[in-house]
Amino acid sequence: MLVDSPPEAPAAPAPVPPRRRQALRLAGLVASVAVLAVVAVLGIAVGAKQIPLDQVWHGVFHYSGSDTDVVIRDVRYPRTLLGVLVGAALGLAGTVMQALTRNPLADPGVLGINAGASAAVVTAISFFGVTSLAGYVWWAFAGAAVVSVAVYVLGGTRSATPVRLALAGTALSAVLVGYINAVNLLDTAALDKMRFWTVGSLAAATMPTVTRIAPFLAVGALFALLLARPLNALALGDDQARALGTRLTRTRVLAMAAVTLLCGGATAACGPIVYVGLMVPHAVRALTGPDMRWILPYSAVLSPVLLVGADVLGRVVARPGELQVGIVTALIGGPVFIFLVRRRRMAQL
């Protein structure tokens with residue numbers, strides 16, 4: 001009697017050679033930069049007012065002072081440039097926070113850091129009469145730093161878990177948002193100054209804003225990129241990281257300094273914008289794997305794609321008005337956050 005032999009298991013796919021993997025990652029990064037360039041062009045060319053492309057080109061490279069040139073050079077150009085800078089800052093901050101806390105749900109907005117910066121700026125405007133970016137940017141940095149430390153302490157410091165950190169950030173965010181709303185209701189002058197800023201907006205961008213905020217974001221981005229190797233080691237656990245020669249305290253301090261500079265500067269420039277630092281690193285990991293040396297630059301390039309793209313979408317769907325970019329990113333990021341929470345819960349079961 002013949003007995004059928006069991007079917008052979010399918011052969012496992014051959015691993016990709018390291019050199020080819022690196023080449024693919026580099027090609028993907030170059031392609032991401034090209035996508036960012038296209039989105040930046042759309043940010044300048046598309047708006048509530050339709051302007052032909054030849055006039056857009058003239059406004060960028062041959063400024064003559066006409067009404068159309070003013071719209072392009074003085075409104076859309078700085079708005080797009082600020083969107084690129086802030087998007088990169090939020091993407092880097094979210095990536096560093098997720099690596100530092102080993103929490104895939106970490107985000108400057110979810111953990112309350114943006115709310116801390118916002119509360120500090122509201123305090124500066126309402127109680128101390130600060131009205132310029134040069135004045136309240138320092139308040140934003142202080143608020144972001146205080147909330148970062150508070151979330152880490154409330155989460156249990158060394159025993160902090162993703163759930164504890166998320167709960168601590170959510171609780172602090174609720175308190176701070178309540179404080180912000182109370183101040184705005186009691187101070188109508190502050191409300192008039194804050195009503196667009198508090199939802200997250202690029203509409204008030206100017207070149208002086210860009211030039212003032214760029215050095216802080218550049219230093220924060222440099223800190224974040226230099227931490228790629230230590231954060232890779234930290235992902236293995238504290239003991240393994242120590243064995244590999246990583247200085248844990250210095251890594252954590254530099255990481256928190258980077259997050260504070262990035263989130264404080266971004267929030268001071270255009271208000272609290274949530275979910276950008278949550279969504280993009282997750283998408284990037286699917287492309288690059290867990291290596292922070294690639295996740296960080298990819299996030300710095302693709303996060304502005306999301307932010308500037310959301311800003312363009314907000315201008316198009318609500319013509320002749322516009323939706324603020326913070327509203328658009330919240331509408332996109334809310335369902336994504338719920339999906340990630342449910343997927344994580346299923347993994348734990």
Side-chain angles (χ1 to χ4, degrees), residues 16-41 43 80-104 106-109 113 210 213-236 241 246 251-252 254-266 269 273 275-310 329 333 336:
V16 179
R19 288 187 178 180
R20 184 182 176 188
R21 188 185 305 118
Q22 299 287 352
L24 290 174
R25 288 171 174 170
L26 183 59
L29 186 59
V30 173
S32 300
V33 173
V35 172
L36 176 58
V38 171
V39 173
V41 171
T80 301
L81 185 56
L82 183 64
V84 171
L85 294 177
V86 168
L90 294 176
L92 287 171
T95 303
V96 170
M97 290 190 67
Q98 289 174 16
L100 183 67
T101 62
R102 295 195 284 273
N103 179 3
D107 172 77
I113 295 177
V210 173
I213 214 68
F216 300 105
L217 300 185
V219 174
L222 180 62
F223 282 175
L225 294 172
L226 290 176
L227 287 170
R229 289 182 181 275
L231 290 175
N232 275 341
L234 200 62
L236 303 174
T246 302
T251 298
R252 290 191 172 104
L254 288 177
M256 295 308 298
V259 170
T260 299
L261 287 169
L262 293 169
C263 293
I273 298 176
Y275 292 123
V276 174
L278 172 69
M279 292 185 285
V280 174
H282 278 280
V284 167
R285 287 189 189 92
L287 298 173
T288 66
D291 192 344
M292 294 295 295
R293 293 173 298 176
W294 288 100
I295 296 175
L296 285 166
Y298 263 88
S299 296
V301 173
L302 292 178
S303 294
V305 172
L306 173 62
L307 188 62
V308 177
T329 57
V336 173

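- Looking only at side-chain heavy atoms (C-beta outward), Pro108 and Met97 come within less than 4.5 Å of each other.
- Distance alone, capped at 3.5 Å, places no donor-acceptor pair between the Gln98 side chain and the His282 backbone.
- The shortest distance between side-chain heavy atoms of Ile273 and Val276 falls below 4.5 Å.
- The minimum heavy-atom distance linking Ala233 with Thr246 is given by the pair CB-OG1, 3.2 Å.
- Side-chain atoms of Leu261 and Leu217, non-hydrogen and from C-beta on, never get closer than 4.5 Å to each other.
- Among all heavy-atom pairs drawn from Val305 and Val301, the shortest one is CG2-O, 3.5 Å.
- Here the side chain of Tyr298 pairs a donor or acceptor atom with the backbone of Leu29 at under 3.5 angstrom.
- Nearest heavy atom pair, residue Ile113 against residue Cys263, reads CG2-CB, 3.8 Å.
- The CZ atom of Phe223 sits 10.0 Å away from the CG atom of Leu262 when rounded to the nearest 0.5 Å.
- Judged purely by atom type and a 3.5 angstrom limit, Thr329 has no side-chain atom pairing as donor or acceptor with the backbone of Tyr275.
- Distance check: Leu82 CG to Ile213 CD1 gives 8.0 Å after rounding to the nearest 0.5 Å.
- By the 4.5 Å heavy-atom criterion applied to side chains, Leu90 and Ser303 are not counted as neighbours.
- The nearest pair of heavy atoms linking Gly289 to Ile295 is O-CD1, 3.3 Å.
- Between the side chain of Arg102 and the backbone N or O of Leu234, at least one donor-acceptor pair lies under 3.5 Å.
- Atoms CZ and CG, from Phe216 and Leu85 in turn, are 13.5 Å apart once rounded to the nearest 0.5 Å.
- Between Leu227 and Met292 there is no side-chain heavy-atom pair separated by less than 4.5 Å.
- The structure places CG of Leu24 at 12.5 Å from OG1 of Thr288, a figure rounded to the nearest 0.5 Å.
- For residues 287-304, the set of pairs meeting the salt bridge (Lys or Arg N to Asp or Glu O under 4.0 Å) definition, not counting sequence neighbours, comprises Asp291-Arg293.
- Scanning both residues, Ala258 and Gly220, for their nearest heavy atoms gives CB-O, 3.6 Å.
- Minimum interatomic distance between Val96 and Leu296 (heavy atoms only, all atoms of both residues): CG2-CD2, 4.0 Å.
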